[in-house]
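Here is the structure we will look at.
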Amino acid sequence: MSVKDQSFACGDAGENNIQVFVRIRPPSGDEPGYSRVVDVADGGTQLILHQEPNPRIFAFDFVADITSTQDAIFNRLGRKVIENCVAGYNGTIFAYGQTGSGKTFTMLGPNEDADNFQHELRGVIPRSFEYLYQLIEREKELHGEGKQFLCKCSFLEIYNEQIFDLLEPSPTVLHLRESLKTGVYVAGLSEKVVADASEAYEVLCSSWMNRKVASTSMNRESSRSHAVFCLQIESKEKKGSVEHIRTSQLNLVDLAGSERQKDTNATGIRLKEAGSINKSLSNLGNVIMALVTVSRDNKKRYIPYRDSKLTFLLRDSLGGNSKTSLIACIHPGHKCFGETLSMLQCTCLL
Ligand SMILES: Nc1ncnc2c1ncn2[C@@H]1O[C@H](COP(=O)(O)OP(=O)(O)OP(=O)(O)O)[C@@H](O)[C@H]1O
């Protein structure tokens, strides 16, 4: 993405390994006095935020307006990441935004029902599964018995900087470990082998329900945690007598809502949640910004992965040959102006 002459430009890591998108959700239709404060310009690469005396203009890799379809969003956000994963490199897709801005709609779809898998409104995650297994089938057809794939998934949430298993839910806090062989991993996290896209989707849906149940029983809002679904893709290819094994990881992340503390009047446990979310989101921003700088300037730089559980967990999936897509979801209405401005400013630091 080229940096243009307006106030802010976002995204891009030179070779497009990090891409930043914005999606404007439609208003809900029952919002009294609704007035729209954002517009898309320049063929979808600029977002205009209307304010007095002058509008502010932000540039992104792509801005999807309210009429954008789920299919179009996946094509922009997901295709390259999935193709890269099948080629043996890691990939991560994040959805970011305030509560109700459309993160879950974008990632999962309008509901977390397993029947949604074939629904035209299904989101980035089911579409990623479909495309991934489609590419795997294509590879298998090309190489016959000579190439085999094994996919395993895990699903966890990070709440107040504590990691919980969502596949086999329990109140036990899990810990991050590091090994020379496998890099960063979560000790004791369960995994399931998933043979095809619909199986992966079924696992996701049942675990998503676990997330809701766990949040109710432990008095925490599910939207106040980061949900990280990981698919590990292992391919074995025989070339003569030598077997080549490649492993890559696809991370699909529904980030916790980014509410500004002063807008929520939060106290007690909710204030602690908000502080923890803000810290980890700002750390994610710092990591991505550092990676963009490294890639652009081709210089070594300290990357603060260890400053939060989320970035340390994803350390081996961000940077290098990995592909990362981040989609910032926003509401178009004037009531969300403050939140939208703060989101755009944060995202534009990336
Ligand atoms: N692009 C869209 N088109 C149609 N409806 C949408 C869209 N985006 C969001 N919605 C609807 O808006 C509501 C809130 O969206 P959603 O639950 O995805 O927000 P969220 O950001 O995930 O919120 P939370 O942080 O609370 O989980 C839902 O009813 C969803 O179906």
Side-chain angles (χ1 to χ4, degrees), residues 21-31 34 36 38-40 44 47 60 62-78 93-113 115-117 119-127 155 157-160 166 204-205 207-216 219-229 252-261 263-264 266 270 273-274 276-278 280-281 284 310 325-333 335-336 338-340 342-344 346-347:
F21 305 88
V22 173
R23 181 181 203 177
I24 308 171
R25 60 155 289 182
S28 20
D30 56 352
E31 294 173 34
Y34 165 79
R36 185 173 161 140
V38 288
D39 273 310
V40 182
L47 188 136
F60 292 91
F62 190 72
V63 183
D65 208 348
I66 57 174
T67 51
S68 289
T69 62
Q70 296 283 68
D71 190 40
I73 295 289
F74 173 72
N75 288 338
R76 291 266 175 200
L77 197 71
I93 303 176
F94 294 102
Y96 171 60
Q98 78 177 111
T99 295
S101 60
K103 298 181 296 294
T104 306
F105 183 89
T106 298
M107 293 304 277
L108 205 61
N111 59 49
E112 50 278 352
D113 187 339
D115 295 339
N116 187 38
F117 184 52
H119 196 281
E120 72 171 291
L121 291 180
R122 66 196 186 284
V124 166
I125 299 182
R127 285 169 202 273
F155 194 22
E157 71 176 339
I158 305 176
Y159 171 77
N160 275 350
L166 287 173
L204 171 81
C205 291
S207 316
W208 203 279
M209 285 315 292
N210 292 341
R211 185 185 184 204
K212 289 205 157 164
V213 173
S215 68
T216 311
N219 184 28
R220 57 184 202 234
E221 279 282 330
S222 61
S223 65
R224 312 309 285 149
S225 68
H226 306 308
V228 186
F229 190 90
L252 301 155
V253 188
D254 188 2
L255 291 170
S258 60
E259 286 74 359
R260 293 184 306 169
Q261 280 167 38
D263 288 353
T264 59
R270 301 287 167 243
E273 281 170 356
S276 164
I277 293 166
N278 284 353
S280 75
L281 289 176
L284 175 65
L310 181 71
S325 288
L326 190 142
I327 186 157
C329 299
I330 60 170
H331 190 287
K335 285 197 180 138
C336 298
E339 191 60 51
T340 301
S342 123
M343 265 269 303
L344 293 171
C346 289
T347 314

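Each residue takes its place number in the sequence, starting with 1. Read the numbers this way: they start at 1 and go in the same order the structure lists the ligands and their atoms. Note: hydrogens, waters and symmetry copies are ignored here, and every other heavy atom, side chains too, is used.
Atoms of ligand 1 found under 4.0 Å from any heavy atom of G102, numbered from 1 in the order shown, are 8 (N), 9 (C), 15 (O), 16 (P), 18 (O), 19 (O), 20 (P), 21 (O). Atoms of ligand 1 found under 4.0 Å from any heavy atom of R23, numbered from 1 in the order shown, are 1 (N). Interface of G100 with ligand 1, defined as ligand atoms under 4.0 Å from a residue heavy atom, comprises 14 (C), 19 (O), 20 (P), 21 (O), 23 (O), 24 (P), 25 (O), 26 (O). Against a heavy-atom cut-off of under 4.0 Å, Q98 is close to the following atoms of ligand 1: 21 (O). The ligand atoms of ligand 1 that sit less than 4.0 angstrom from a heavy atom of P26 are 1 (N), 2 (C), 3 (N), 4 (C), 7 (C).
Taking any N or O of T104, backbone or side chain, at least one lies under 3.5 Å from an N or O belonging to ligand 1.
Among residues two or more places apart in sequence or in another chain, the side-chain contact (heavy atoms from CB on, under 4.5 Å) test is passed with S101 by Q98, K103, C329. S68 meets the side chain to side chain donor-acceptor pair (under 3.5 Å) test with no other residue; sequence neighbours excluded.
Between the side chain of R25 and the backbone N or O of G100 there is at least one donor-acceptor pair closer than 3.5 Å. Counting only distance, with no hydrogens or angles, the side chain of R224 and the backbone of A256 share no donor-acceptor pair below 3.5 Å. At least one donor-acceptor pair under 3.5 Å links the side chain of Q70 to the backbone N or O of F105.
Using a non-hydrogen distance threshold of 4.0 Å, S101 registers as a contact of ligand 1.
With values rounded to the nearest 0.5 angstrom, I66 atom CD1 is found 5.0 Å from R36 atom CZ.
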